[in-house]
Engineer: 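My questions all concern the structure below.
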Amino acid sequence: MIKVAIFASGEGTNFENIIQSHISCIEITLLITDKICNALKIADSHGIEHKTFLRNTYATKHIMEEEIAKILKGKEIDLIILAGYMRLFSKWFVEQFPHRIINIHPSLLPLYKGKGAIQQAILDGKEIYGVSVHYVNEGMDEGEIIAQIKVPYDGFDLEELLPLVHKSEYLLYPKVIEQICKEIAK
């Protein structure tokens, strides 16, 4: 069984999807958030321990990351799964968990990095939509790509596109998590 920590900052829809996917090789040990958000309610409803790290309560980002790393190592976390976590990690933090931090992003990377990727894709007008799962480094959506899926849609309406992107995320992320678990277990 691979122990995982999920990091979230918002509604927690990908977090909940991971829980509901019943990925047999993982044990969701901890939820980490950077603010009070709906993901905490989801953790409570599933009996998952959670901790919130508010950046403004730490003298430096490094001190906060040291505290997070200490907790993760104490719980023997094998994999960190970002599910809508909206903070960049420092190089130091990433080096503590090499090839053990993954993220899902709503674009076909390297296109449309960062926040508002779907809106960026619509504004670009090329009808290139998709989802990427990648390893995390200290850059913004710059880590090695693990898997991608194209979102079949040929329009420019955000309200129509958004559910299609979410559906693709919900299909891709559990498959990639399961694949990585098998690699870690080797």
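The basis for the numbers below is simple: all heavy atoms, side chains too, and nothing from hydrogens, waters or symmetry mates.
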Engineer: Test question: given the 4.5 Å side-chain rule for I, L, V, M, F, W and Y, name all other residues clustered with Leu171, or answer none.
Structural biologist: none
Engineer: Considering residues at least two apart in sequence or located in another chain, which fulfil the side chain to side chain contact (heavy atoms under 4.5 Å, CB included) criterion with Lys126?
Structural biologist: Asp124, Ile128
Engineer: Less than 4.5 Å apart, any side-chain heavy atom of Ile26 and any of Leu79?
Structural biologist: no
Engineer: List, one per line, each side-chain donor-acceptor pair under 3.5 Å for residues 142-152, sequence neighbours excluded.
Structural biologist:
{"from": "Glu144", "atom 1": "OE1", "to": "His99", "atom 2": "NE2", "distance (Å)": "3.0"}
{"from": "Gln148", "atom 1": "NE2", "to": "Leu109", "atom 2": "O", "distance (Å)": "2.7"}
{"from": "Gln148", "atom 1": "NE2", "to": "Ser132", "atom 2": "OG", "distance (Å)": "2.9"}

Engineer: So if I apply the side chain to side chain donor-acceptor pair (under 3.5 Å) rule between Ser90 and each of His62, Gln96, Glu65, which one comes out positive?
Structural biologist: Glu65
Engineer: For Leu123, enumerate each residue passing the side chain to side chain contact (heavy atoms under 4.5 Å, CB included) test, keeping only those at least two apart in sequence or located in another chain.
Structural biologist: none
Engineer: How long is the span from the CD1 atom in Ile19 to the CD1 atom in Ile6, to the nearest 0.5 Å?
Structural biologist: 7.5 Å
Engineer: List for me each residue that meets ring pair (Phe, Tyr, Trp, His ring centres under 6.0 Å) alongside Tyr153, sequence neighbours excluded, and say none if there are none.
Structural biologist: Tyr129
Engineer: Sort and list the pairs that fulfil salt bridge (charged side-chain N to carboxylate O under 4.0 Å, His left out) and have at least one residue in residues 24-44, not counting sequence neighbours.
Structural biologist: Asp34-Arg87
Engineer: With sequence neighbours left out, what residues match Lys75 under salt bridge (charged side-chain N to carboxylate O under 4.0 Å, His left out)?
Structural biologist: Glu49
Engineer: What I'd like to find out is whether the side chain of Leu40 reaches to under 4.5 Å of the side chain of Ile42, using heavy atoms alone.
Structural biologist: no
Engineer: Listed by chain and number, what are the side-chain hydrogen bond (donor to acceptor under 3.5 Å, both in side chains) partners of Tyr170, not counting sequence neighbours?
Structural biologist: Thr13
Engineer: According to the salt bridge (charged side-chain N to carboxylate O under 4.0 Å, His left out) rule, which pairs have a member within residues 153-175, sequence neighbours left out?
Structural biologist: none
Engineer: With a cut-off of 6.0 Å (strictly less than), are more than 12 heavy atoms of other residues, nucleotides or ligands near CD of Glu183?
Structural biologist: yes
Engineer: Holding to side chain to side chain contact (heavy atoms under 4.5 Å, CB included), I want the full list of residues that pass it with Ala117, two or more places apart in sequence or in another chain.
Structural biologist: His105, Pro106, Ser107, Tyr112
Engineer: Going by side-chain heavy atoms closer than 4.5 Å, which hydrophobic residues are tied to Ile68, directly or by a chain of links?
Structural biologist: Phe7, Leu30, Ile32, Phe53, Tyr58, Ile63, Met64, Ile71, Leu72, Ile77, Ile80, Leu82, Tyr85, Phe89, Trp92, Phe93, Val94, Phe97, Ile101, Val136
Engineer: Taking side chain to side chain contact (heavy atoms under 4.5 Å, CB included) as the definition, give me every residue that meets it alongside Glu178, ordered by chain and number, with sequence neighbours left out.
Structural biologist: Ile23, Cys25, Lys182
